[in-house]
There are 2 protein chains.
Amino acid sequence: MSETKKRGRPRAFDEAATIEKAREVFWDRGFEGTSLDALSAATSLNRPSLYGAFGDKEDLYLGTLAGYRDDSLVAMEEALDPSLPLRENIAEIYRRALSTYLSGETSARGCFLIGTATAEAIQHSRVRDMLRQSLEAFDAEIEARLMLAVERGELPKEADPKALSLLASSVMHSLAVRARAGAPRDMLEDLARAGVDMVCGRAPQK
Amino acid sequence: MSETKKRGRPRAFDEAATIEKAREVFWDRGFEGTSLDALSAATSLNRPSLYGAFGDKEDLYLGTLAGYRDDSLVAMEEALDPSLPLRENIAEIYRRALSTYLSGETSARGCFLIGTATAEAIQHSRVRDMLRQSLEAFDAEIEARLMLAVERGELPKEADPKALSLLASSVMHSLAVRARAGAPRDMLEDLARAGVDMVCGRAPQK
DNA sequence: TCATTTTTGTACCGTTCCGCATTAAAATCT
DNA sequence: AGATTTTAATGCGGAACGGTACAAAAATGA
């Protein structure tokens, strides 16, 4: 790491904070629906500074998607704490997801990736790849925990962690879409509960 | 119904066919990503004709969404033919869904509603309502079939049709998102199979 | 035949879009 | 201090945007 001070005028903004602010705008308005002027206003950077620091609009958008994916993966790792029972792990994943999906100024905004990147996936292959790769990463984390659960006997030996992880992710995808569609919280919580039972079996271990 | 001939110059286009062509464009490019010029080119109508017949861009988009919802509900009713076993019904739903989701000129385009309307749901409340209402209609059709299945003994008495229908729909939502994200067909078929087992139980009735 | 009604086609409106050229400002290096 | 390097700010420019005014065209009604 070069710890030497850089030559020119120093930046007057924090790169990570700027990406987070840009993410908020993209989240609400989508990629095509967001103008550079809106990004400029939200980040307090002029368009040329945005351009210089992050590239064009698609580059910046991909940066916000990558940040969201990384944050989500960290949150998922925390939720899947293997020192806790599987049932609590899965419930915690849905709890965290819903907490994010139901936030929003005007209306529940769902998942940033599913809610905005899906629309661009046909026309922008880099967005499509980012989306696919992110979904696969989420699947993989859940699958790993389910494999551990089978080893430990939290799930029966016949359980299929691969198939089960796809189903568990599916519930999350559906929560993401339905939240953004304006589904009531009760219904989403019912779905999350059903998802937990589906993965861990119906018997409560209260 | 007034069968009297209308006064002025007759239309040189078919309204339903035009909506279908517009749907194709919106499906690939999303609402914000589609220009009136693109719609005009695809439908062979000039912008003023489009505007006169369907209203503004959002009105036209809502019309294409409504058409897709109606088509999908009909397809779902067909798939849920109660004279066939539940397992075949659910498998058929996913089969039809995948057949649609995997079609597309450049890349698999997923579900029109989930793939494009979700992105607009925050900014355009009419789109959000259309999306929510459509998803609820799909849920309701599945739930009705599952209730019948419980009555008939295709599912155990303790089965919860409401919760199960939400889960069954979730698999469909996930197929929609993943297809558009570029997931390989094998994986989608695995998920669909897992979804059928989840709803109907693992025992194959071969 | 001529007025009326509706659709079609051309052309244009003001706005917004993304991206960049250019200059001023703020830091380090010599 | 002066040269150099990097960022910040202003402003522009060509293109595309959604939407519409207006006139020509094609039907019906009288």
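Model, not experiment: these values are computed from the prediction. Naming: A, B, ... by sequence-line order, numbering from 1 per chain.
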To the nearest angstrom, how far is [X] atom [atom1] from [N] atom [atom2]?
X       : N      : atom1 : atom2 : answer
B:Lys57 : D:dC17 : NZ    : C1'   : 8 Å
A:Asn46 : C:dA21 : CG    : P     : 16 Å
B:Phe54 : D:dG18 : CZ    : P     : 17 Å
A:Tyr61 : C:dG19 : OH    : C1'   : 21 Å
B:Arg47 : D:dC17 : CZ    : P     : 9 Å
B:Leu50 : C:dT8  : CG    : P     : 10 Å
B:Arg9  : D:dG29 : CZ    : P     : 18 Å
A:Leu45 : D:dA8  : CG    : P     : 7 Å

Closer than 4.0 angstrom, basic N to acidic O: yes or no for [X] and [Y]?
X        : Y        : answer
B:Glu92  : B:Arg96  : yes
B:Arg87  : B:Asp197 : yes
A:Asp129 : A:Arg132 : yes

(message) Which label fits A:Phe112 and A:Trp27: parallel for a plane angle under 30°, tilted from 30 to 60°, or perpendicular past 60°?
(response) tilted
(message) Mind checking if A:Ala53 touches a base, just sugar-phosphate, or nothing, with heavy atoms under 4.0 Å?
(response) nothing
(message) Tell me whether the count of non-hydrogen atoms from other residues, nucleotides or ligands lying under 6.0 Å of CE in A:Met147 goes above 12.
(response) no
(message) For A:Arg185, is the CZ atom crowded, meaning more than 12 foreign heavy atoms sit under 6.0 Å from it?
(response) no
(message) Taking donor-acceptor contacts at under 3.5 Å, does the side chain of B:Arg7 reach the base of D:dA27?
(response) no
(message) Quick check on DNA chain D: between B:Pro10 and B:Glu58, whose nearest nucleotide comes earlier from the 5' end?
(response) B:Glu58
(request) For DNA chain C, determine which residues of residues 25-39 of chain B have any heavy atom closer than 4.0 angstrom to one of its atoms, and list them numerically. (result) none
(request) Using only side-chain N and O atoms of A:Ser49, determine if any of them is under 4.0 Å from OP1 or OP2 of D:dT7. (result) no
(message) I want to check one thing: is the phosphate of C:dC20, taken as OP1 and OP2, less than 4.0 Å away from some side-chain N or O of A:Tyr51?
(response) yes
(request) State, with a plain yes or no, whether a side-chain heavy atom of B:Tyr101 is found less than 4.5 Å away from one of B:Leu188. (result) no
(request) Assign each of B:Arg11 and B:Pro48 to its nearest nucleotide of DNA chain C by heavy atoms, then name whichever residue's nucleotide is nearer the 5' end. (result) B:Arg11
